[in-house]
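Here's the structure, in structure tokens; my notes come after.
Both backbone and side-chain heavy atoms feed into the values below; hydrogens, waters and symmetry mates do not. The chains referred to below are lettered A, B, ... by the order of the sequence lines, with proteins before strands, and numbering in each begins at 1.
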2 protein chains.
Amino acid sequence: MDKRKAILEAAVELIAEKGYTHTSMQQIADSVGVSKGSLYTFFPSKEDLIISIYEHYQQLVFERAFVVGLDGNLPPYERFAKQFQVQFEGILEYKSYMKMHMRGESAQSSEKLEGMGHRMRGRLFSWLERNLIDLYGEEIAPYKWDLMWMTQSIYTSYTGLMVTSENELAPDKLGKHLVRQIDILAKDFLVGKSTPLLDDVMMRPFSVGMDREGAFTSFEKRENAWKSLYESIHQHKQSHYFLEVTDRISEESRKSNPDELVMRGLFQLLKSEEEISERAQLLEEQLLPETGSEH
Amino acid sequence: MDKRKAILEAAVELIAEKGYTHTSMQQIADSVGVSKGSLYTFFPSKEDLIISIYEHYQQLVFERAFVVGLDGNLPPYERFAKQFQVQFEGILEYKSYMKMHMRGESAQSSEKLEGMGHRMRGRLFSWLERNLIDLYGEEIAPYKWDLMWMTQSIYTSYTGLMVTSENELAPDKLGKHLVRQIDILAKDFLVGKSTPLLDDVMMRPFSVGMDREGAFTSFEKRENAWKSLYESIHQHKQSHYFLEVTDRISEESRKSNPDELVMRGLFQLLKSEEEISERAQLLEEQLLPETGSEH
DNA sequence: CGTAAAAATGACTATTGAGTCAAGCACATT
DNA sequence: AATGTGCTTGACTCAATAGTCATTTTTACG
């Protein structure tokens, strides 16, 4: 299971540098230090390899923002900025992946790959929508597509800048900057001076993946565990205290080398409260799987 | 000279659809209806072919905006919007090219190709800079990179939307929309509420190509001819009248099938004025080359 | 017409690279 | 030590395709 990851990482590195078509399976194999044949015990084809790469890294980068978004302690504006920030931090950490992603070029577009791209876009847009509504309420609805579209494009282009540029842009500043610009544009729409250009009909291709019950259906187990934990905490009378603990867990889990003992301790705090215990247990199993639950 | 164009067009179509690597020279040849060997009498290699495509179309799309930019009759704000508009019109006309461009994937990046990308970016940014300064004067300088960066990213993403989307976005609305959004962001910077994030040092990679004397050095003969004609008109006492004529020429030349007689007539109007005659003649030769000057 | 130059052809070469598979190897269990 | 299981190997197949070049066709012109 570890060699698989090594292959993914080597492949990302090479593909980021030379592009998908100009990276051969042989080169990837050489770079990991195994034979070409071995690659095929992990990935049935080159295409499956790149799809696995996308799934692996996209999850890593996006989960961070998702989790911060659940935190109800921060006011909406700051929370939005914070979510961008942690995503930018993630991007900085997985620079090669982003470079690869930005090159765009990959296998001759197949069902599988297109489906994934679609899910990714849907996810991004439903995430943005959620945040815009948190910030401005339902009255932003008529302008949401214009705002989301501009936001997404500015976000993406700054991402590119981060990855390319020598001197690093600070994720926290960038997050605040972005939200500030969105805010200016949104306020202008709300004042009614600009008219929107995009509507639901036109944007249908992007709206799939968001569905009635909360937009995040295709989510991984881990994210669902986060979500359900936060939900049960919100219902609790002492929610403030438990939110703090959970935020601290979230913060720790975002580090490249989370301190396992700290995490276990924090989880213990949650598990001591009966109404939350079960959900906390579930998340702990997701985040710290190897040693399991030896209660 | 016409078959060359046919090859370029067929190649764009195929590459837009299937990508550079998955389009073979054989397929291009079949699509034009010539043999593979023939392609090599026009383009020494596949890489040269794609470079020629870029040069050909980029010129077509960009020249439009450039020419509108020279027109002094429109006030800056409207002129900026109009420039976007004509570019969007161009994009609609060369959809396949834009699709191809957006796929991004092309030959293993070579000197030549990178140089071209660099020139293209430089051109775009110097064009934006010129417009921002026309609109807001020198005091916009500290914020220009942030504005240009956001503008460029929004512009690019709307471009993508135009090319992909079924229901067409109207170029004129889009142009106005874009300038309106830029204006909001710019005003906010000028009021001093937002702080800029990008500076000259960080953006050096993008600032090449703009040089002291006017940013447009690497320009084609045709564009230089436009420029010098407009310059000579501006010095003329009856500039307003001649500007109108020239604008009309510019408009006509942007059509897919410009009316040659109309053009010749308009040029005749210009050539009857001695001080402008020579420059007009030069431009006419560029725009209507085949039949030459049979004065 | 006739001839020479230019353009077009398509069979051919040479290379690259994804994916296969029979044989070899390491390691665990008995 | 013997046996079996599953991982690893790398030589091999096979398809795709960029680029070449001797030959044929077209055009241009005296």
Consider the side chain of [X], meaning its heavy atoms from C-beta on, and name the nucleotide among [options] that approaches it most closely.
X	options	result
A:Lys3	D:dT20, D:dT8, C:dT9	D:dT8
B:Ser24	D:dT17, C:dG19, C:dA8	D:dT17
B:Met25	D:dT8, C:dT20, D:dA18	D:dA18
B:Ser35	C:dG19, D:dG19, C:dA8	C:dA8
B:Lys46	C:dT9, D:dT8, D:dG19	D:dG19
B:Ser38	C:dG19, C:dA8, D:dT9	C:dA8

**Item:** Beyond-backbone contact of A:Arg4 with A:Ser52, side-chain heavy atoms, under 4.5 angstrom
**Value:** yes
Report the distance from atom [atom1] of [X] to atom [atom2] of [N], rounded to the nearest whole Å.
X	N	atom1	atom2	answer
A:Tyr20	C:dG17	OH	C1'	12 Å
B:Tyr40	C:dA11	OH	P	16 Å
A:Ile15	C:dG17	CD1	P	13 Å
A:Arg4	D:dT8	CZ	P	14 Å
B:Phe43	D:dA18	CZ	C1'	16 Å
B:Phe42	C:dA6	CZ	P	15 Å
A:Leu14	C:dG17	CG	C1'	15 Å
A:Glu47	C:dG19	CD	C1'	14 Å

**Asked** For A:Tyr20, is the NZ or CZ atom of A:Lys46 found under 6.0 angstrom from the centre of its six-membered ring and inside 45 degrees of the ring axis?
**Response** yes
**Request:** Using a heavy-atom cut-off of under 4.0 Å over every strand shown, decide if A:Thr23 touches base, sugar-phosphate, or nothing.
**Result:** sugar-phosphate
**Asked** Do A:His118 and A:Phe206 have ring centres separated by under 6.0 Å?
**Response** no
**Item:** Near-ring test B:Phe84/B:Trp127, centroid separation under 6.0 angstrom
**Value:** yes
**Fill in**
Of A:Gly37 and A:Thr21, the one whose nearest nucleotide on DNA chain C sits closer to the 5' end is A:Thr21
**Request:** Go through the N and O atoms of the side chain of B:Lys36 and the base of D:dG19, and report whether any donor-acceptor pair is under 3.5 Å.
**Result:** yes
**Any donor-acceptor pair under 3.5 Å from B:Ser38 side chain to B:Val34 backbone** = no
